[in-house]
Amino acid sequence: MNETMTSLLERRSTRHYTEEPVSAEALDAILQAGLWAPTARNAQEIKIAVMSDPAQRVSFRSDFAQADGRPRFANFDYGAPVFLFLYGPKDFPYTELDSGIVVENMATAAEGLGLGTVIIGCIRDYMRSPAAKAWRDVIGMSEDDLFTIGLCIGHIAEPTKKQERKENRVLYVKT
Ligand SMILES: Cc1cc2nc3c(=O)[nH]c(=O)nc-3n(C[C@H](O)[C@H](O)[C@H](O)COP(=O)(O)O)c2cc1C
């Protein structure tokens with residue numbers, strides 16, 4: 001198996017991180033992988049906000065937990081040292097799809113560098129709610145932007161068990 005296939009097949013969502021920071025070089029490489037992702041109409045509209053300041057992260061976590069009210073999501077980012085927020089224009093029809101491609105490119109790049117990631121969707125409703133206006137400002141979003149997805153990045157403390165994939169999801173079209 002080549003390295004790309006290994007990264008794609010062996011990547012698992014990491015939910016236990018060490019405290020070791022992500023190096024600037026590794027983070028930059030991961031961000032480059034996101035920026036070089038294909039985008040519909042080559043629009044390149046997806047923006048990535050990087051939040052790694054621990055105090056800011058604690059504050060965000062607390063605001064989210066308070067607004068969300070689901071205790072199991074209070075530690076939604078699993079203490080990962082880096083968290084990325086992705087967003088793009090509300091009126092661009094591919095903002096969500098492009099974000100998915102950008103985030104997966106970054107997750108695969110991180111896997112190739114030996115780092116762990118987990119894609120985070122559970123903050124989506126909060127990030128789109130009036131309660132999160134101040135955080136949208138902090139991460140540079142305008143009223144015309146839509147939050148799409150988040151990504152945790154860090155060093156893996158505990159590897160995640162493989163989740164089996166459902167069968168019969170490929171259909172060869174008969175002629
Ligand atoms: C769009 C999307 C949103 C997700 N949101 C969350 C989340 O909020 N919290 C979480 O722990 N995992 C989240 N995940 C990770 C999935 O649970 C995970 O990919 C799935 O269980 C398969 O496991 P694997 O990634 O280890 O193969 C999300 C994944 C995707 C693609």
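Positions are given from 1 along the sequence.
Put simply, CZ on Phe147 and CE on Met141 are 8.0 Å apart, with the number rounded to the nearest 0.5 Å. One distance of note links CZ of Arg15 with CD1 of Ile156; it measures 12.5 Å at 0.5 Å rounding. Ile120 CD1 to Leu151 CG: the interatomic distance, rounded to the nearest 0.5 Å, is 8.0 Å. In this structure, NZ on Lys90 lies 5.5 Å from CD on Glu143, to the nearest 0.5 angstrom. Going from atom CG of Asp145 over to atom CG of Leu86 covers 11.5 Å, rounded to the nearest 0.5 Å. With values rounded to the nearest 0.5 angstrom, Asp28 atom CG is found 8.5 Å from Leu35 atom CG.
Under the 3.5 Å distance criterion, the side-chain polar atoms of Arg136 are matched with a main-chain donor or acceptor of Ser129.
Taking 4.5 Å as the limit, some side-chain heavy atom of Tyr17 sits within range of a side-chain heavy atom of Cys152. The closest side-chain heavy-atom distance from His155 to Leu115 is below 4.5 Å. Counting heavy atoms from C-beta outward, Ile101 and Thr39 have side chains that stay 4.5 Å or more apart. When side chains are defined from C-beta on, Leu84 counts as touching Leu31, because their heavy atoms get closer than 4.5 Å. In this structure, Leu8 and Thr108 have side chains that are in contact, with non-hydrogen atoms separated by less than 4.5 Å.
Connection of Ile153 to Ile119 is established within a shared hydrophobic cluster, with ILVMFWY side chains joined at heavy-atom distances below 4.5 Å, either directly or through further cluster members. Linking ILVMFWY side-chain heavy atoms closer than 4.5 Å, directly or via other members, places Ile46 and Leu146 in two distinct hydrophobic clusters. Under the 4.5 Å side-chain heavy-atom criterion for grouping Ile, Leu, Val, Met, Phe, Trp and Tyr, Tyr87 is not connected to Leu97 through any hydrophobic cluster. There is a path of hydrophobic side-chain contacts, each under 4.5 Å, that joins Val118 to Met51. Under the 4.5 Å side-chain heavy-atom criterion for ILVMFWY residues, a single connected hydrophobic cluster contains both Leu27 and Ile149.
Sorted by first and then second residue, the pairs that involve residues 38-58 and meet salt bridge (charged side-chain N to carboxylate O under 4.0 Å, His left out), not counting sequence neighbours, are Arg57-Asp77. Every pair tested for salt bridge (charged side-chain N to carboxylate O under 4.0 Å, His left out) that includes a residue from residues 99-118 fails, sequence neighbours excluded, so the list is empty. Among residue pairs with one or both ends in residues 26-65, those qualifying as ring-ring contact (aromatic ring centres under 6.0 Å, His included) are Phe60-Phe76, Phe60-Phe85, Phe60-Tyr126, Phe60-Trp135, Phe64-Phe76, Phe64-Tyr126; sequence neighbours excluded. Residue pairs meeting the side-chain hydrogen bond (donor to acceptor under 3.5 Å, both in side chains) criterion with at least one partner in residues 91-100, sequence neighbours excluded, are Glu96-Arg128, Ser99-Thr148.
Between Thr14 and Gly116, the closest heavy-atom pair is OG1-CA, 3.4 Å. Across Ala132 and Met127, no two heavy atoms sit closer than the pair CB-CA, 3.9 Å. In this structure, Thr117 and Ala107 approach most closely via the heavy-atom pair OG1-CB, 3.6 Å. Here the closest non-hydrogen pair linking Ala49 and Ile139 is CB-CB, 3.7 Å. Contact record, Gly79 with Asn75: N-OD1, 3.5 Å, taken as the closest heavy-atom pair. In plain terms, the two heavy atoms of Val22 and Gly154 that are nearest each other are CG2-CA, 3.8 Å.
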Side-chain atoms of residues 160-175: list all donor-acceptor pairs with protein atoms under 3.5 Å, sequence neighbours left out, distances to 0.1 Å.
residue, atom, partner, partner atom, Å
Thr160, OG1, Ser13, O, 2.5
Arg165, NH1, Gln163, O, 3.1
Arg169, NE, Lys166, O, 3.3

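Contacts of Asn2 classified as side-chain hydrogen bond (donor to acceptor under 3.5 Å, both in side chains), with partners at least two apart in sequence or in another chain: none.
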